[in-house]
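Taking it in order: structure first as structure tokens, then the write-up.
Atoms within a ligand are numbered from 1 in the order they appear, just like the ligands themselves.
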Amino acid sequence: MSSTKSNLEDVLVSERELWLDGPPHELFAQLRSECPVHWTSSISEYPEEAGYWSITRADDVHKVSRDWRTFSSEMGGITAVVAAFPIELMRAMFIGMDPPKHDRLKMLFQAGFTPRRIAAHEPAIRAIVVDVLDRLEGRETCDLVTDVAQPAVSRVIGSFMGIPPEDDHAWATLMNSALGAGDPDLNPDGLDSVVAKDIPEIFARCQRMIAERREYPTHDLTSVLVHAEIDGQKLEEHEIVMGFFLLVAAGNDSTKATYCSGMRALMDHPDQRRLLLADPSLISGAVEESLRMFPAFAHFRRTATCDTEVGAQPIKGGEKVVMWYVSSNRDESRFEDPDRFDVGRNPEHQAFGAGGRHFCLGAALARLELNVMFEETLKRYPAMEMAGAPVYAESAFINQLKTLPVRLTPRR
Ligand code: HEM
């Protein structure tokens, strides 16, 4: 056995120190080439958690994603670490269910999320983004994460859910702390506070919205959850709350992440930005390239329901299987020179999942939001430049910057 191979065998992929500057892309490249299905034996910060298999190649991620009978979302949770979040709450969201219950719940929303139905929201989404950019009037600098991305995406998902605008900030703070539970800035009170403080607050806030809609049905997605019937039965209260949580969490975090990393890439690569400024029809390609290179979620996880194998590696029933989208999206067997940011590439990526039952419900909405946000930002601030060091959230799950200071219009 070569020494690099034995070094890889000792690697613990999700250790915090490997992720401080974003995903460890060199490590993933080595795994794809030398040990594409890799065993991490433990997670230092969570000694009680079992180890997991890392799936790093696009073809293998595709296989795991599509085979829900062998690789369950329900059995053990959907992230590598589950300590921060009670499993029964994870299973109350359709992202944490297997068919047939998953399919029935997802179907309630699917018709409203098709590209055609979502396209009807474009004027409203553009108005939200323009309003957020208007608030920067007179400023020389801002933080793209907190001043632009967060308020814009929170209002978009807030309007879908029926959240009043004045509550956007409170919901965003709750979602950031639950999804970025291990990050000292996103969740300053520490891991235990998610269960002790955040989840009870999410329930309390949500229960008020549920009670209002029981009495007076509305046209928002919260009302869809409140009045849904699956096999003749209404959803339980915790299922409604967690359905709400899923939509708000996914809507808040993900689009923000890809927008900020995409903007940073355009500032780092002025040649690519010049192409977009000369021909704005290339923006949709830039959005796809940003999704490929900076997928909002570094991974999702399944649990093997029986003894099986991936890429000739035996996997035992009950073991965790982690699909690393940050790796599969840079698989050199699919993408030439995968670390190069190229707005003309128009890639077929796995940022929204790899074609299985859990393929992102919000893909059309996220694409529309990202296109509008890229267009409006580039139009208003074509020469924006970095004004400080961007900082990544400390997480092997959410792949996002928590700060991105920029100078909106360069000094003459
Ligand atoms: C850049 C933006 C986004 C990215 C990269 C993204 C990524 C993903 C991924 C990878 C999954 C699959 C999870 C799995 O395999 O277990 C997923 C599922 C999901 N996403 Fe997104 N997402 C984005 C935006 C959104 C938005 C805006 C919404 C708004 C409603 C949304 C709602 C959902 C829901 C509900 C699911 C669960 C689907 C299911 O279990 O069938 N996402 N997303």
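Residue R357 forms a salt bridge (Lys or Arg N to Asp or Glu O under 4.0 Å) with just one option from D103, D67, D98, and that option is D103. Each of K316, H38, Q313 was checked for a side chain to side chain contact (heavy atoms under 4.5 Å, CB included) with W53, and the lone residue meeting it is Q313. Partner V406 forms a side chain to side chain contact (heavy atoms under 4.5 Å, CB included) with one of L144, D147, T377, T141 and no other, that one being L144.
Among protein heavy atoms, atom 13 (C) of ligand 1 sits closest to F300 CD1, 3.3 Å. A250 CB, 3.4 Å is the protein heavy atom nearest to atom 31 (C) of ligand 1. Nearest protein heavy-atom neighbour of atom 6 (C) of ligand 1: F352 CD2, 3.6 Å. Looking from atom 24 (C) of ligand 1 to the surrounding protein, the closest heavy atom is S254 OG, 3.1 Å. Looking at atom 41 (O) of ligand 1, its nearest protein heavy atom turns out to be H102 NE2, 2.6 Å. For atom 34 (C) of ligand 1, the nearest non-hydrogen atom of the protein is L361 CB, 3.8 Å. Considering only non-hydrogen protein atoms, atom 8 (C) of ligand 1 sits nearest to C360 CB, 3.7 Å. Looking only at protein heavy atoms, the nearest one to atom 38 (C) of ligand 1 is H358 O, 3.5 Å.
When atom types are taken as modelled, the side chain of T79 and the backbone of V82 share no donor-acceptor pair closer than 3.5 angstrom. No side-chain donor-acceptor contact under 3.5 Å links S42 to the backbone of S44.
Under 4.0 Å from ligand 1, heavy atoms of I95 appear from its side chain as well as its backbone. Under 4.0 Å from ligand 1, the heavy atoms of F113 that appear belong solely to its side chain. The part of R302 lying near ligand 1 is the side chain, judged by heavy-atom distances below 4.0 Å. Using a 4.0 Å cut-off between heavy atoms, V153 makes no contact with ligand 1 at all.
Defined by atom type and a distance below 3.5 Å, a donor-acceptor pair is missing between the side-chain atoms of Q350 and H62.
Atom-to-atom distance recorded for S41:OG and L12:CG is 5.0 Å, nearest 0.5 angstrom.
Taking every heavy atom of A366 and a limit of under 4.0 angstrom, the matching atoms of ligand 1 come to 2 (C), 24 (C). Near T258, meaning under 4.0 Å from any of its heavy atoms, are these atoms of ligand 1: 1 (C). Residue contact check: L291 has heavy atoms under 4.0 Å from atoms 1 (C) of ligand 1. Every atom of ligand 1 is numbered from 1 in the order shown, and the set under 4.0 Å from a heavy atom of R357 is 41 (O). Those atoms of ligand 1 with a heavy atom of A296 less than 4.0 angstrom away are 5 (C).
Between T255 and ligand 1, no pair of N/O atoms sits closer than 3.5 Å. Annotation: Y325 places an N or O atom under 3.5 Å from an N or O atom of ligand 1; distance criterion only. Between Q350 and ligand 1, no N or O atom pair is found at a separation short of 3.5 Å.
Contact check on R334 versus D59 returns a salt bridge, with a Lys/Arg side-chain nitrogen under 4.0 Å from an Asp/Glu carboxylate oxygen.
Checked against the 6.0 Å centroid criterion, the rings of W324 and F28 qualify as a close aromatic pair.
I87 and G77 make their closest contact through CD1-N, 3.5 Å (heavy atoms, listed as atom of the first residue, atom of the second, distance). Contact detail for T218 and S223: the closest heavy-atom pair is N-OG, 3.0 Å. L8 approaches C35 most closely through the heavy-atom pair CD1-CB, 4.1 Å.
Ranked by closest heavy atom to atom 10 (C) of ligand 1, the top entry among A364, A249, G355, A351 is A351.
With F335 as the aromatic partner, R292 meets the cation-pi criteria of under 6.0 angstrom to the ring centre and within 45 degrees of the ring axis.
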